[in-house]
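FYI, side chains are in, hydrogens and waters are out, and symmetry mates aren't considered; it's all heavy atoms of this structure. FYI, the numbering just counts along the sequence from 1.
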Amino acid sequence: MGTPVLYDWLYLGFMGLLPLILHWFFIEWYSGKKSSSAFFQHITALLECTVAALITLLVNDPVGYLHIRSCGVEKLSDWYTMLYNPSPDYVNTVHCTQEAVYPLYTIVFIYYAFCLVLMMLLRPLLIKKIACGLGKSDRFKSIYAALYFLPILTVIQAVGGGLLCKSELH
């Protein structure tokens, strides 16, 4: 286990910025006009994603430090260990699935979970407090959009995490 190299950080940064960019896009999309409500929602989304990233780093190994230890990524098959079952003696197949690129794969899921929890705790209170000018049905549409795009991002990470990371390398 070592320190992630530059392309690992680029991958984590890319996957980490996607929720923030999508939050901001849907806040703008559904707020319609320039308003202080949209501005405060943008600030709240930034705060949610930043706090989620810090908590994610603090709960991963080494716990309590803003540091990541990870295994090196050599090949695309490192990301998809469930598709590679070795046969050490050429007779018996060892069926093992573990995360060879720990924590680059799961840390994104943990981050998305914290983003979702923080959004559900903070954003409805903020919107209820300051978005009185919007119609009742328009108030929470940016939250509803996040309830769609966060699971979609999770599936993209689950299925294509290795492809995304390896495509950024070359």
Side-chain angles (χ1 to χ4, degrees), residues 3-32 37-61 63 66-73 75-84 97-127 131 137-170:
T3 304
V5 293
L6 178 62
Y7 53 81
D8 295 336
W9 285 111
L10 290 174
Y11 169 73
L12 291 175
F14 174 72
M15 294 306 285
L17 283 176
L18 275 177
L20 179 61
I21 292 167
L22 289 170
H23 278 306
W24 284 349
F25 172 78
F26 284 110
I27 288 167
E28 282 298 316
W29 182 272
Y30 289 117
S31 68
S37 170
F39 175 74
F40 286 119
Q41 287 184 57
H42 285 296
I43 298 299
T44 304
L46 178 64
L47 177 71
E48 293 162 7
C49 291
T50 304
V51 171
L54 290 173
I55 293 172
T56 301
L57 288 174
L58 290 172
V59 300
N60 276 296
D61 186 40
V63 177
L66 295 175
H67 179 74
I68 297 176
R69 274 188 269 171
S70 76
C71 299
V73 180
K75 308 174 285 205
L76 185 62
S77 62
D78 291 345
W79 284 89
Y80 302 104
T81 54
M82 66 280 213
L83 301 176
Y84 174 70
T97 57
Q98 73 279 357
E99 186 177 354
V101 291
Y102 179 81
L104 300 178
Y105 190 68
T106 54
I107 198 167
V108 177
F109 296 123
I110 295 167
Y111 170 69
Y112 289 164
F114 281 127
C115 279
L116 180 65
V117 168
L118 288 171
M119 180 195 68
M120 294 306 293
L121 289 175
L122 298 176
R123 192 98 48 95
L125 298 174
L126 174 78
I127 291 175
S137 64
D138 293 340
R139 286 184 185 181
F140 299 102
K141 283 188 176 181
S142 65
I143 294 175
Y144 295 147
L147 293 176
Y148 282 104
F149 73 70
L150 282 171
I152 291 169
L153 289 176
T154 302
V155 169
I156 290 170
Q157 167 67 10
V159 175
L163 296 172
L164 290 171
C165 184
K166 291 312 273 186
S167 69
E168 288 185 2
L169 298 179
H170 302 292

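Going from atom OH of Tyr112 over to atom SG of Cys49 covers 10.0 Å, rounded to the nearest 0.5 Å. In this structure, the separation between CG on Leu126 and CE on Met119 is 12.5 Å, given to the nearest 0.5 Å. From Ile55, atom CD1 reaches atom CG of Asn60 across 12.0 Å, with rounding to the nearest 0.5 Å. Between Leu122 atom CG and Ile143 atom CD1 the span is 10.0 Å, to the nearest 0.5 Å. Note that NE2 of His23 is 12.0 Å distant from CG of Leu17, once rounded to the nearest 0.5 Å. Atom OH in Tyr111 sits 15.5 Å away from atom OG1 in Thr106 (nearest 0.5 Å).
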(message) Walk me through whether Leu46 and Trp24 qualify under side chain to side chain contact (heavy atoms under 4.5 Å, CB included).
(response) CA-CA 9 Å; Leu46 178 64; Trp24 284 349; 4.0 Å; yes
(request) List the steps, then state whether side chain to side chain contact (heavy atoms under 4.5 Å, CB included) holds for Lys141 with Trp29. (result) CA-CA 9 Å; Lys141 283 188 176 181; Trp29 182 272; over 6 Å; no
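Considering all non-hydrogen atoms of both residues, Leu118 and Ala52 come closest at CD1-N, 3.6 Å. Pairing each heavy atom of Tyr30 with each of Ala145, the nearest pair is CE1-CB, 4.1 Å.
Counting non-hydrogen atoms of other residues, nucleotides and ligands closer than 6.0 Å to OH of Tyr148 gives a total of 12 or fewer.
Put simply, the side chain of Val108 does not reach to within 4.5 Å of the side chain of Thr154, judged on heavy atoms. Side chains of Leu121 and Glu48 form no contact here, defined as non-hydrogen atoms less than 4.5 Å apart.
Considering Ile152, Leu153, Ile27 in turn, Leu153 is the only one that fulfils the side-chain contact (heavy atoms from CB on, under 4.5 Å) rule with Leu22.
A distance below 6.0 Å separates the ring centres of Phe149 and Phe26.
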